[in-house]
Every structure is written in structure tokens, then in C-alpha cells.
Amino acid sequence: MGRAGDRPEHTAPPDVFYDDTEARKYTTNSRIMQIQTQLTERALELLALPEDGQPKLLLDLGCGSGISGDTLTEQGHFWTGFDISSAMLEVAKERETEGDLCRKDLGQGLGLRPGCYDGAISISALQWLCNAETSSQNPKLRLKCLFDSLYKCLARGARAVFQMYPENPTQAEMITVTAMKSGFAGGVVVDFPHSSKARKHYLVLLTSSSGIAQLPQAIEDESAQQVKVYERSKGKGKRRKDGGGGHNAGSKRHPQAKGRDWILKKKALRRKRGYMDVPEDTKYTGRKRRNLSGF
Amino acid sequence: MKLLTHNLLECHIKGVTNKYPFLVEAQQVEQTEVDFNPDFLRRMYPKLDWKAFKDTAEGLKLEGLPDSVTEEMLKSDEAFLRAFHHILLEVDVEEGALICPETGRRFPIVKGIPNLLLNEDEC
């Protein structure tokens, strides 16, 4: 997903994109699994469930093959997973995840009874809702539908954390504003903001209306920042080496600028082009003037 | 699909008012073992619609649930808690359908996963 054109949500709708082969990656590719687990652990941290040792009932929106759900199970929570891709859900079923699964389109609303869930997480799913797959779909309305029904089904004081890959700041703002309109407080926490590769966006939504909602702190890794600076200075040096030859280094084709060779070459060129006023070449050509002004 | 999930789901077809509970049509029911966790049961009880839970269980020919639950039972009645746990978490509807109580729309359950996608004209 490095380049802008690589975003999978631009290639096909999620239920088509996550076919059998794509879903299979989520059980065999250890890198994908590791990243998903890390994202889930951070999302759980941001969810800030009360530490009373009680098992909670959580929602996993866009649960996919249930990798994120496994992390929830490890922490001793029960969960319900929604996803639109049947291939991914089948993989989840095969992996014998503990949570209960439903095939649902998040943009159509959750359809859950009010106040039942103690929290919700969503890993890398929200950006899928920002694309209209058919002419009748409106991303804003679909987001509104999701957030409205989510607000309703969460217990008061519960939180929802969406890890997402917004395409641009406008999209992130559209998502946040839509969530606020549904009654949530909160905002986007950006981890590793100085590194374009490690940067991660978490939309943290709070249902509590009492007091000023405090957003959790983002991780700003100092070492990541330093690496960036180092890379930048390295890049500059490289550029000078490659492209700066014309003025300083000198070569047969392009003699050192402003030196004697360069002047002789320019004069020869002008003579060749028929200019009559080109001075003769002498031993004084290209020498520095003596300072005659007396100062 | 577990009965816990069934108890929390409601029909989200646009304009439907009588949306809860889904009727369950089960062709195949399986049992999976889940760790007994009385704390979770005590936590979930106030959130459940007990009548819908009991009716659905009876529809699946699962007996053993009382009409009403007292605090005493939740606290220390081991036999009740075991039955509650079994029906809430260990019974899985593998094949069948969820039926909207108002419109009669069928949402099929295949391999234990209910398909609750709506058609375009329903949302």
C-alpha cells in the first residue's frame, strides 16, 4: 500500500477484493498477521477498557479472518465480528476463532440492540466505506448509518477505536465530522506522525458526554524521527555527487565552468558561429585581473 | 451463530418497526465447548432480553431455563448458571435462517454465519 494508486479499495469492492486467495494470505502470511496483531493491541490500548478483570463484550467491525479477534480473546473478552467478505469469514471459521461471526455491510448499519456492547474496534476497514461502489451508494450516508447505529449499540461511557488508512486529510475530516454528528466525541490519534511508513491513524470515539473528553496520547517515536533526518541528509549528498559535475568536477565534454578551458571553448564556439568580435586567444586569456584601483 | 448474538441482533431493514427478535429456523444445530465464565454471565444477564432468549431456546427444543431469574440464582445457583452458559454460548446454529418478525424476510445462516446483507431497496 505504499503508493497512492496501490490502495486496494480503489480496485474492487471489499466483498470482491477479499476473495479466496486474498483471504488465504491472512492465514499464511506471517507479516500481515503480525501487523494486524500489533494494530489490534494498540487499538485495545486506546479503547481503555476499565481494568476490573471482568470479561467484556466487544464488537469487531470488519473482523476479516479474525486475527484481531484472537487478540481480544487472549485478553479474556467475548466478541462479535462483522465483515462483508464471505471468503474472509470462512477463513475465520476455519481458524476456529472464538467470536461469533455475521456477514454484514457496515454501511447498512449494525442492527444491534441499544447499549449492549462495552466497546468496538475496527482494524483497517473504515477506508473501504469511503468509496461508492454503485451509483446508489453515498459514502457520507453510509458512514452516518454506521456511526448512528454504533452509537446506539454501545453502552454509555464505552469507546470505539477505528484504525484506518485515510487517503488524504479531507477524507479523515469527513469521517471525523460524520462521527461527531452521530453524537460521538473524540478525534484522530496519529501514531509515529513523522514517519510516512510507520504512521498510523486511529479514530477514537467516546460516548461519554460528561466532562471534556480527553484524547489519548499518540506515540511519537524519537528514534523514528531521527532516522528520517539522517535519510534526508544522506539523500542530499547523493544528489550533489550525481548532478553537480557541470560546475565543479570538470570533464572533456563539459570543462570546468568559468575556467580557462571553458572560456577557450566558448570563444571557439562563437568564432565557429561567425561572430567577428571574438578576442584573440593569448596567454592572458582567462587570467584574473590585477587589482588596479589602488584600494 | 450463538444465541447470545441472536439476542443482540435486530432486523435493520429500513422502515421496519417490529424488528425484534428474529425468528430462528434451524436445520442443523451443533454444540461447541466454551470455557465456563460465571462473571461474564452475570455481566450479560441485565443486557439480555430474557423472554426472547427463553422463547428462542424453547424453539430449538432446549429446556432448562426458568421464567424469571433472581439475583440469588445468578450469584450462587451453579446448576442454573451452567444451563444458562450452555444455551447462551455453547449452542451454535450451523444451518438455517433468521426471519424478520415483521416482513418475513429470510436471512440465511450458512456454515454458522448469518448473511445479513440487505438488498439495495431495503436500506
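Within every chain, numbering begins at 1; the chains are lettered A, B, ... in the order of the sequence lines, protein sequences first and strands thereafter.
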Candidate pair A/Leu154 and A/Phe184, rule side chain to side chain contact (heavy atoms under 4.5 Å, CB included), full reasoning: CA-CA 11 Å; A/Leu154 287 179; A/Phe184 284 106; 4.0 Å; yes
message: Looking at B/Gln27, I'd like to know if its CD atom is crowded, meaning that more than 12 non-hydrogen atoms belonging to other residues, nucleotides or ligands lie closer than 6.0 Å.
response: yes
query: Just wondering, more than 12 heavy atoms not from A/Glu98 lying within 6.0 Å of its CD?
result: no
query: Do A/Leu126 and A/Leu129 touch side chain to side chain, with heavy atoms closer than 4.5 Å?
result: yes
field: Parallel, tilted or perpendicular: rings of B/Trp50 and B/Phe84 (30°, 60°)
entry: perpendicular
query: Side chain, backbone, both or neither: which part of B/Val110 has an atom under 4.5 Å from a heavy atom of chain A?
result: neither
- request: Check whether any side-chain heavy atom of A/Ser65 lies under 4.5 Å from a side-chain heavy atom of A/Met33, and answer yes or no.
  value: no
task: Using a cut-off of under 4.5 Å on heavy-atom pairs, state which of B/Leu117, B/Asn115, B/Ile13, B/Asp39 scores highest against chain A.
output: B/Leu117
message: If you count heavy-atom pairs within less than 4.5 Å of chain A, which of B/Thr32, B/Leu4, B/Leu48 leads?
response: B/Leu48
field: chain B interface, residue from A/Asp15, A/Thr80, A/Leu57, A/Ile84 that has the most non-hydrogen pairs under 4.5 Å
entry: A/Leu57
- prompt: Given a strict heavy-atom distance threshold of 4.5 Å, which part of B/Glu120 is in contact with chain A: side chain, backbone, both, or neither?
  reply: side chain
field: Which atoms of A/Lys93 approach chain B - backbone, side chain, both or neither, heavy atom under 4.5 Å
entry: side chain
query: Do you know which of B/Lys19, B/Lys47, B/Met1 has the most heavy-atom pairs with chain A at a distance under 4.5 angstrom?
result: B/Lys47
message: What part of B/Asn37 gets within 4.5 angstrom of chain A, counting heavy atoms only: side chain, backbone, both, or neither?
response: side chain
Leading residue by heavy atom contact count with chain B [cutoff under 4.5 Å; candidates A/Tyr117, A/Phe82, A/Phe78]: A/Phe78
- prompt: Which region of B/Asp92, side chain (C-beta onward) or backbone (N, CA, C, O), has a non-hydrogen atom less than 4.5 Å from a non-hydrogen atom of chain A, or is it both or neither?
  reply: side chain
message: For B/Tyr20, which atoms come within 4.5 Å of any heavy atom of chain A: side chain, backbone, both, or neither?
response: side chain
field: B/Gln28, CD atom: more than 12 neighbouring heavy atoms under 6.0 Å
entry: yes
message: Measuring only between side-chain heavy atoms, which start at C-beta, is B/Tyr45 closer than 4.5 Å to B/Phe53?
response: no
